[in-house]
Amino acid sequence: AEKIVIGAMYPMTGRAGRYGIDSVSAAEIAMNEINAKGGVNGRMIDIIFNDSKANPAYSIKVAKRYITEDKVNFLMGVVSSAVGLAVTEVSKENKVIFVGTDHASTALTTEKFQPYYFRVSNNTYQSAAAAALYAKDIKPWKKYYVIGPDYEYGHRTWEDFWMLLGRQRKDVQLVGQAWPKLFEPDYTPYITAILSAKPDVLVTTFWGGDTVAFIKQALPYKLFDKMKFYNYDGGGNYELLEAMPTGLPKGLVLSARHHLNWPDTKQNKEFVAKFKAQTGRYPSYAAEGAYAGVYFIAEGVRQAGTAEDPDKLVAVMEKIKFKLPEDPEGFMSYMRPIDHQIVQVQAIGETVPDKSFPPATMMLGNWKIFKAEEIIPSVAEIEAARKAVKK
Amino acid sequence: MDGNLLAAQFIGGLTSAMSLFLVASGLTLIFGVVNVFNFAHGSFYLLGAYFAYQAVAVSGVGFWAGVLLASLGAGAAGVLMEYFFLRRIYGRAGEAGFQILLTYSFILILDDVVKMIWGTDYKSISKPVALAGSFSLGEVTMPRYDLVVIVIGLAVAFGMWAAIRKTRFGRNLRAISSNREMASSLGVNVPLALSLVFGLATALGGLSGAISAPVRTVTPGAGIEVIIGSLIVVVIGGLGNFWGALVGALVIGEVTAFGILFLPQWAILFSYAVMALVLIFRPEGLLMKRGAVR
Amino acid sequence: MENTRKPPPVLEVRHLSKAFGGLKVTHDVSFAIPPGELSAIIGPNGAGKTTLFNLITGKLVPDGGEVLFKGERIEGQSPADISRKGIGRSFQITSIFKERTVLENVLVSVLSREKKTARLFRRATAHGDAVREAMEILATLSLEGKAGETAGSLPHGDQKRLDIAVALALNPELVMLDEPVAGMSPEERAITVDLIRKIWKEKALTLLFIEHDMDVVFGISEWIRVLNQGVLLAEGTPAEISRNREVITAYLGEEIVE
Amino acid sequence: MILELKDVHAYYGTSHVLFGVSLDVDRGEVICLMGRNGAGKSTTFRTVMGLTPARAGTVLFQGKDVTRLKVHTKARLGIGYVPEDRQIFPELTVRENLDIGRSSGIHRVDGWNIDRIYGLFPVLEKYDRKPGGQLSGGEQQMLTIARTLMGNPELVLLDEPTEGLAPVIVIALKEMILRLKEMGTTILLSEQNVKFAVKVSDRVFIIDNGAIRYSNDIKGFVEDERVQKRYLAV
Amino acid sequence: MRDDKPGAKYGRDEWAQWGVALVVFAAVPLLGKKHFVNMGNEILVMGLFAMGFNLLYGVTGMLSFGQAAYYGVGAYTVGLLLSKGVAPFWVALPATMAVGGALALVLGPLCIRLSGVYFTMLTLAFAEMVWGIVFKWYDFTGGDNGIQGIPMPEALHSPLRYYYFTLAVVFVSFWLIRRIVDSPFGAVLQSIRENPERTGFIGVKVRRYQLAAMVLSGVFAALAGGLFAGYQHSIHPDMLHWTKSGEVILMSILGGVSSFFGPLMGAGIIVFIEDMIGKYTEFWEIWIGGIMLAIVIFFPRGLIGTFDTWITRWRNHGKHAETAARP
Ligand SMILES: Nc1ncnc2c1ncn2[C@@H]1O[C@H](COP(=O)(O)OP(=O)(O)OP(=O)(O)O)[C@@H](O)[C@H]1O
Ligand SMILES: Nc1ncnc2c1ncn2[C@@H]1O[C@H](COP(=O)(O)OP(=O)(O)OP(=O)(O)O)[C@@H](O)[C@H]1O
Ligand SMILES: [Mg+2]
Ligand SMILES: [Mg+2]
């Protein structure tokens, strides 16, 4: 039978390269697992990859080539939200299903929603909602300072959080904000400004190397003794823990879209072990997203009995429920029909000494778990957001 | 706004300025003094960081020895690049354009080379233990390591100034920059001098990369991010003027440090705004004499 | 009645001065040039001759004093404005468009004078009149045979004459030449001097030139001004100047006069 | 023989400029290369120096084949070059320009140094610290010559040294050349100023259309009006 | 004669190139691959961008590092007018030219006071500020998310039609650029490149012409940006970033700034190899870097310029053979 072809785009160069390359590896693992069991309905999966260069214009070109030349059945991938927004447009025009595995902008599932788009990883709203629930119960956290990269992701991740927290706590106050450029190499003046403002909590919406650089530079200022450090979307990723084998402070409050040591399920352990065995490194969260993406597509094709009829696929994919490495015991991730956003449990932890995933010497622990249904926007909210745009 | 805050911001700005200057110093040398534009300067910064990682974290060499090795390594890479490639385009019509093109191709090549050798994960090296802490003056804190960076920056500025203005080598370089043919006719070994100065400039790039490795992220793609910043510093200081570059870095550092207090939303544009203002009001750069531009 | 009155000078310089740093390069220089005069400026190296040209033609802005062209003050104006008023000049270090053809060099100048350079869509070379005129100017300097060659590949002497041609294409009333025959072979020198004199006559120009070749200076000029250390040391007829003791010690040296 | 050119061909890009130039210069001589504009004098000098390398033929310096040597190596062997278009280094001070001239590394007890140079060209001393680019044309010409002398070359290639110099300075220059000659320096001169050339030179070569057409000692040349007319139109 | 001297001639007798270019581009769709049409479209647009840039760089000698500002502003003109329903495409596309020109009129007077690197850097600074505004003004420009789903008129909806439309617009622009280069105005621009001081002394107000060159190249850059917006239906602040300005410089030099079609060729090569190599390896950078390096070393006048040289040399072979043959 003919292969099921997936056209994947991930950044493989530049700053986000780590995520892209991990995604590629994980997608290949998932593909091989599925194909080893005989594929889907007897059809093998084939994934082609191309660098997205984290560049919307280039990605559009690649996506179009995938569709016209390579005749892919699905598009998958993309780390940057801006690229996601660009590719979802191609998906819509050509009626080719696009499975988002690692970009968080809420817009894709609300204002810019189109039926051929599905996302199998958390969006910023989910992280922010969990973070607000976490913060609401901590009484001493009153004065907030926010620093994040100056682009939509950085702002939106914060704004959702602040809005949701504000609904539940009236005594919180924003004492300052700073918006350095994405990939800013030097945070020193920002750090001195933060210290002078004396917040209780420093919320950061950095991801990747920016978190690393910020922490390294803030350490000698003893910033982490003076305030809580809170990064609830990308900060808890393994790459940070790994990048700082020495010096990473205890008690940073972090999360990510997938963790190596949570949930403590067989499936998660196996996924992590397999990835490590095949690539020699531990997966960053992006890997699990890509892994989930391939399984999601496989499940869709299995249920629909076709990879060629997008509308039929949409109809079944909207209702998929499946078990992922990041699902705790007794829970299965599922797709929500209204926004094609996967619904998942979120866990936020603190850095604690833990050497089980070397070279990291700290891992997250002291978990707080947030139920999947508590952290998604209500149907009414989504409809309101979509209406606001239409006007 | 209280005095402590201002003092803290000032010191923070100073530290940033020195890091900026260190990266820019190699560029002023090669671009400002010898008129060779090395777009790939940031890639040597990147190489320096990775070499330092290799030496310190992998091979267990001491920190400062690692920094030294990294600078030498980056310098050697620079000499090779000059010797095998750049040299072939000297004297060509439209040379400046080809310099951009050639060195740009090296950004691409070196980025992939780094990725092939070291992968895409973030690498780290630790500072020497003695430099891990910080000094405190009342409310104002200054990391020890930053102080060392400032000292190194000043030393580089002074050393380069002296080397260019006070030595035969520097004088030869300035001659080469205005007329390579004539310099060689007078017995200056132009190819050697160009290789050397290119090596020196890239070694400075490597030095700055190695020195920032403990406090920044060592990752592919980190090179291209520093190049525009250093260009700005070089240009607002006045081409080939080391003190100018230092002053330029200070201005950018301090404007950013104080700017973020008042206009945090516009931080990404500060350095461009400073550059535009400087160029509009002092087109030859901050420290150049009026009308002294070629 | 009108005819007996001395005609107003084409160019008049009054108390002109210019300093670079502390060095006074032009110091209270005043003189007037009547229409139609062919005169030379001489003086030691560094006397300020080229600087004087630069002050008159707008390359430099004087620190003090006035420059009047046909009675109108022009000091401080841009080279473009001054050139348009009718002053053409050549340069000590030949200044032409080396990568363009000889014809194009002159053609641009002609088109500029005719104010046709804002035309966007008609070929420059399709402006027949301008091309014809440019060719005529080239012919006056014996360059017509080289019209199609790239200017930079011409021998030195031809390049110097092209520099003059570019200036003449402006159809100026006053032409100022900075060392027009320097570096030329005796043969070329003779040809060029003849050409200059011919053009001066035919076009009824006022012509002012700087030169270190005394055969040329004394051979063709009607009037000579001598600059020394930024000061106008002397002016007069060639005969007067060649006998002036001060000029001899400062500039000519004993040997040549012998 | 200090310098010998044998059948040298040179090109600018694809255009052939020297068509087999051969000439020889003995130690201590002053030789003048004359010819029309564009005849190939400067190109001959550039070829000797290696700036426009010969594509065929050989250049011998002190009996050694130097055709393929690098420019700076030739300078260090003792060839000094004074270009016709005064290529001073505009941003360097007069003093620095002169110091660069010492890069050939040749030192001689009786050789040139700053003091003797300043004795010869007092203006340069006056402008010691001024950037070369701000000198007048003639001053730059003096600087160019002085700079090359600083390297104490065995052989000086002087390309039209009198161009743009005031008559008094030309006289000084004549004296300088004679002095150099006394010191044993060999000079290959290219000159348009025939009066000047005749006063300083021992022998003459005439180049035309890229090849040597005539050579003679100075007396013979002065007497040979036919040659002067034919090649120089004097 | 001295064909090897770069810049000597700004691409004369290039009629063959016109023919080849037209035939090749017109024939692309006949190959029956939609993907080729897409690539062709991109090459045309980038080619126009680069050729407009070269009016400034190759012809007038001003190296602007801020051309992306005009390109991006053109794209946003189309994007905003169309997506906000203010004006139809047929109005928006010409409007890009007005907007691009106007932007150059605002920024130009400040930039042209400087020359050399300083000019280059000031253009960079201003372009980055324009980028910053577009990047940050979420309410108006969509910020870093850009604008997607730009509604195109029915007549241009099919990629094929849009391709031919682009082809027509771009070649008409090329023809205009060619005329401009040959015109008296163009002659002045070339004079300015070679010797700005002397140009002033023939009565030309150099700065005015430099400004005019900036405006013209801004106009073409903006038109290219507008065409791109219509082609991708999606725009993004990356289009204004310095990397884009850098790209157009690289394309022009790669193809050859002293030949008329050099920049188009450069655009073609870069778009093509980016597409080809990206498919096969994650290490595409080293390949593209290597190819560029090879071109720099072996094509001293850029691709077209060097081809020209080879052809001239080959034509002249007979003439030179006799003199060159001498030992
Ligand atoms: N831009 C400048 N800055 C400083 N000094 C200058 C500048 N231009 C010229 N000078 C000085 O002014 C003096 C006069 O120079 P100018 O070029 O006018 O001399 P000149 O009479 O033309 O000499 P020459 O016959 O050698 O060409 C010289 O001493 C020169 O050094
Ligand atoms: N850079 C160049 N490119 C091409 N042709 C050149 C170049 N320089 C000189 N030529 C040509 O080479 C020939 C010889 O020139 P050269 O400068 O050697 O003559 P010259 O005898 O020194 O003349 P002059 O008395 O004018 O200095 C001339 O025809 C000239 O046009
Ligand atoms: Mg002069
Ligand atoms: Mg000559």
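Lettering of chains follows the sequences in order, A, B, ..., and the numbering in each one begins at 1.
Within a 6.0 Å radius of CH2 in Trp90(E), more than 12 heavy atoms belonging to other residues, nucleotides or ligands are found. The 12-atom threshold is exceeded at NZ of Lys276(A), counting heavy atoms of other residues, nucleotides or ligands nearer than 6.0 Å. The number of heavy-atom neighbours closer than 6.0 Å to NZ of Lys279(E), taken from other residues, nucleotides and ligands shown, is above 12. Within a 6.0 Å radius of CH2 in Trp287(E), no more than 12 heavy atoms belonging to other residues, nucleotides or ligands are found.
When every heavy atom of Gln232(E) is checked against every heavy atom of Ala57(A), the shortest pair comes out as NE2-O, 3.0 Å. Looking at every heavy atom in both residues, Asp238(E) comes nearest to Ala54(A) through OD2-O, 4.3 Å. Nearest heavy-atom pair across Gly149(E) and Glu89(A) is CA-OE2, 3.3 Å. Minimum interatomic distance between Lys136(E) and Asp150(A) (heavy atoms only, all atoms of both residues): NZ-OD2, 2.6 Å.
Using a 4.5 Å cut-off between heavy atoms, Lys181(A) does not touch chain E at all. Heavy atoms of Tyr138(E) lying under 4.5 Å from chain A belong exclusively to its side chain. Both the backbone and the side chain of Glu274(E) have a heavy atom closer than 4.5 Å to some heavy atom of chain A. With a 4.5 angstrom heavy-atom cutoff, Phe49(A) touches chain E only via backbone atoms. For Phe135(E), the part lying under 4.5 angstrom from a heavy atom of chain A is the side chain only. Proximity to chain A involves both the backbone and the side chain of Val271(E), based on heavy atoms less than 4.5 angstrom apart. In this structure, chain A has heavy atoms under 4.5 Å from both the backbone and the side chain of Asn145(E).
To the nearest 0.5 Å, atoms CG (Leu85(A)) and CD1 (Ile147(E)) are separated by 12.0 Å. Residue Asn55(A) holds its CG atom at 11.0 Å from NE2 of His241(E), rounded to the nearest 0.5 Å. Atom CG of Asp70(A) is separated from atom NE2 of His35(E) by 8.5 Å, given to the nearest 0.5 angstrom.
The shortest distance between side-chain heavy atoms of Arg65(A) and Lys34(E) does not fall below 4.5 Å. Counting heavy atoms from C-beta outward, Phe283(E) and Thr13(A) have side chains that stay 4.5 Å or more apart. Within the 4.5 Å cutoff, the side chain of Trp284(E) has heavy atoms near those of the Lys53(A) side chain.
Here the side chain of Asp144(E) pairs a donor or acceptor atom with the backbone of Glu152(A) at under 3.5 angstrom. Between the Glu282(E) side chain and the Ile21(A) main chain, no donor and acceptor come within less than 3.5 Å of each other.
Seen from the ring of Tyr231(E), Lys64(A) counts as a face-on cation partner, given the 6.0 Å and 45° thresholds.
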Assess whether side-chain contact (heavy atoms from CB on, under 4.5 Å) is satisfied between Lys33(E) and Glu69(A), documenting all intermediate values. CA-CA 8 Å; Lys33(E) 290 220 173 198; Glu69(A) 286 293 287; 3.1 Å; yes

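When the candidates His233(E), His236(E), Met39(E) are compared by the number of heavy-atom contacts under 4.5 Å with chain A, His236(E) comes out ahead.
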